[in-house]
Amino acid sequence: MLKEFHYFFEIYYAAFQGSCLQYFLGSFFEYRRKGCHWGWYVAVIYTVFRLCVNRLLPYEYEDIRIIEKQFVIFGMLTLFVLLFYKASGAMTGYLVITFMAVSEISFFISHSMLQIGNKLYDIWIWCVEKQYITGGDMAEAIFHATAIGLQVLMYSVFSVLCFCSLKSIVHDFREKDYPMERTELYFLLAPGMAGLLVCALLKMIMAQVENGMSGLLYGSHPVLILVVPVILMLCLMSIIYSTKLFQSMVLLNREKNSRAILKKQVENMQGQITEMEHIYSSIRGMKHDMGTTLAVITQLMEEDGKKAELQDYLSELKQTFDRLELQYKTGNAVVDTLLSIKRHELTRIMPDVKLNAERLLFPENLKIQSYDIGVIIGNALDNAMEGCKKTAGRGIAPFIRISSYARAMMFFIKVENSFGGKVIRRAGAEFPMTDKPDKKAHGIGLLNIKNTAEKYHGGVDWQARDGVFTLTVMLKNERSTE
């Protein structure tokens, strides 16, 4: 009976690892082919593979084949990733090593706890000697039940520890599309490699022969029953917390890059604001004065013999001054100029795109600084233009709509645009991931908008639905303290 339970637990161990593998890899990579059953294919294939490895490469303690078996599993897992997932080399190495390390450490910790449970046998033997337990069948049943119960406990601890550790890594590693550099990869691989080697070392030194009897090192050194699980738990925690630390470093570096770019944008815009506002004011004043002058000249020259020629000249001159008037009148000179610049850019590269800003109006009592509004609208329009580019050849009418409205002390800016692409959002990511090759240098437009909104105790919200991408920025109508 115990033999049948041993086979059952062996199959359970392989099947559980297969399920964890498809969950772990599927949280980082997309499948090469679409389909809801691919994850289960990975789980089943890995289960069969692991059972075959256990049969073809059995090992005992102090056996060098422990290392050989780990190399075989590493190679097959890498092949799995390459066959079933759209994976990158650096991330593949990290995930495979991490999965193997977490599985091995979790199993070894649960196995160490089994040694503590084995003390129950000493209790049963004492009870038999004292005749508290009588009868061979009864004693045998108790021993069998204890063996099965300890196995259930061991695999239960393993399952909880392994799955919770992998889930923690998946949750903490939010920047799953981040292109790792070599030094970053080494930093992440080190804890996993150390954990695997510790497990291999313990397996090779754990067996011992004393007085012609084989046993485990726990027998001659009982303190190891406590020391070994603590060492392994520290190894497991180093894997988990290295992921947390790496993620914090990535976010910190991205924040620094985002703020550096934002600062540069602000500095450039600050240098132009005064000039733009001056030009805007001059144009309006010139148009007003010249319009009055032209009206007087026209009235005075009505009786002149060259009336027709003079009127043609004055009409042409008036059209020239009309062209100086900015097309957009939002109530903010910086935004008017920025919209005009973007409209000319759209006319040059995407003449079919309609830029509608009729509902973009700024109240006179707006306390938000002009360059902050310019940063928000400039980045939002750049993203909207990128989205419109993806509508080419898809039969979608490209458009960009930008509007604003106020609610009590809050001021909202809303930008809508058509898009024909697919929005990719990794688990735990706040914004969609960029599809540009250089992901470190791009994809921070929304972060710039968020940083600017937070200066005014605001935030950013977005949604993509029915071919329309909508970005909403909320700002509190007060002066920034930064």
Side-chain angles (χ1 to χ4, degrees), residues 254-288 325-343 345 355-385 400-417 430-431 444-463 469-482:
R254 180 162 291 181
E255 184 74 12
K256 287 182 178 179
N257 293 335
S258 176
R259 287 187 177 276
I261 295 176
L262 178 60
K263 182 179 179 181
K264 186 176 181 180
Q265 290 179 337
V266 170
E267 289 175 351
N268 293 337
M269 188 167 293
Q270 282 178 316
Q272 299 172 2
I273 284 177
T274 303
E275 181 179 356
M276 286 191 297
E277 290 180 336
H278 177 72
I279 294 174
Y280 184 81
S281 178
S282 299
I283 290 175
R284 294 188 63 182
M286 185 183 300
K287 181 179 182 296
H288 178 270
E325 181 71 32
L326 293 176
Q327 179 179 350
Y328 300 97
K329 300 178 181 179
T330 65
N332 185 291
V334 174
V335 175
D336 291 347
T337 306
L338 182 59
L339 289 173
S340 297
I341 293 173
K342 294 299 181 182
R343 181 178 64 84
E345 186 177 348
L355 176 57
N356 187 335
E358 293 181 357
R359 298 175 60 187
L360 179 63
L361 299 173
F362 295 92
E364 295 182 358
N365 63 342
L366 191 66
K367 299 177 182 178
I368 303 170
Q369 298 185 45
S370 295
Y371 63 79
D372 285 329
I373 295 176
V375 168
I376 292 173
I377 294 179
N379 280 284
L381 287 178
D382 287 340
N383 289 339
M385 290 165 64
I400 299 175
R401 292 193 296 263
I402 181 167
S403 58
S404 63
Y405 55 94
R407 294 289 185 273
M409 288 295 295
M410 305 306 296
F411 185 73
F412 296 83
I413 299 175
K414 183 177 180 181
V415 181
E416 300 172 285
N417 65 273
E430 183 176 6
F431 298 117
I444 63 174
L446 290 174
L447 288 176
N448 282 342
I449 296 174
K450 176 188 174 184
N451 291 336
T452 304
E454 289 177 347
K455 292 170 59 176
Y456 296 90
H457 307 287
V460 177
D461 184 38
W462 66 273
Q463 65 175 358
F469 187 92
T470 303
L471 174 69
T472 305
V473 184
M474 180 181 66
L475 307 159
K476 190 172 184 180
N477 189 14
E478 62 180 17
R479 296 191 182 278
S480 171
T481 57
E482 296 186 16

Tell me the closest heavy-atom pair linking [X] and [Y], and the distance in Å.
X	Y	answer
Met474	Met410	CG-CE, 3.3 Å
Ile449	Ala380	CD1-N, 3.7 Å
Gly374	Leu338	O-CD2, 3.6 Å
Lys342	Asp382	NZ-OD1, 2.6 Å
Gln369	Tyr456	N-OH, 3.2 Å
Ala453	Val473	CB-CG1, 3.9 Å

pair Phe412-Thr472: side-chain heavy atoms closer than 4.5 Å: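 With C-beta onward as the side chain, the pair touches.
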
Side chains of Leu471 and Leu446: does their closest heavy-atom pair fall under 4.5 Å? yes

Have a look at Leu475 and tell me which of Thr452, Asp372, Leu366, Ile368 forms a side chain to side chain contact (heavy atoms under 4.5 Å, CB included) with it. Ile368

Can you list everything that forms a side chain to side chain contact (heavy atoms under 4.5 Å, CB included) with Asn417? Sequence neighbours excluded, please.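 Asn417 satisfies side chain to side chain contact (heavy atoms under 4.5 Å, CB included) with Ala384, Cys388, Ile400, Phe419, Phe469 only.
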
Mind running side-chain contact (heavy atoms from CB on, under 4.5 Å) on Leu381 and Leu339 for me, showing each step along the way? CA-CA 9 Å; Leu381 287 178; Leu339 289 173; 3.8 Å; yes

Report the distance from atom [atom1] of [X] to atom [atom2] of [Y], rounding to the nearest 0.5 Å.
X	Y	atom1	atom2	value
Asn383	Trp462	CG	CH2	12.0 Å
Ile413	Ile373	CD1	CD1	5.5 Å
Asn379	Lys450	CG	NZ	14.5 Å

I'd like to know if the side chain of Asn356 reaches the main chain of Glu358, judged simply by a donor and an acceptor atom lying under 3.5 Å from each other, with no hydrogens or angles considered.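 Side chain of Asn356 to backbone of Glu358: a pair is present.
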
Quick one: does any side-chain atom of Asp336 pair with a main-chain N or O of Thr330 as donor and acceptor, under 3.5 Å? yes

Pairwise salt bridge (charged side-chain N to carboxylate O under 4.0 Å, His left out) hits with a residue in residues 401-415, at least two apart: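 As it turns out, the salt bridge (charged side-chain N to carboxylate O under 4.0 Å, His left out) pairs with a partner in residues 401-415, which skip direct neighbours, are Arg401-Glu416.
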
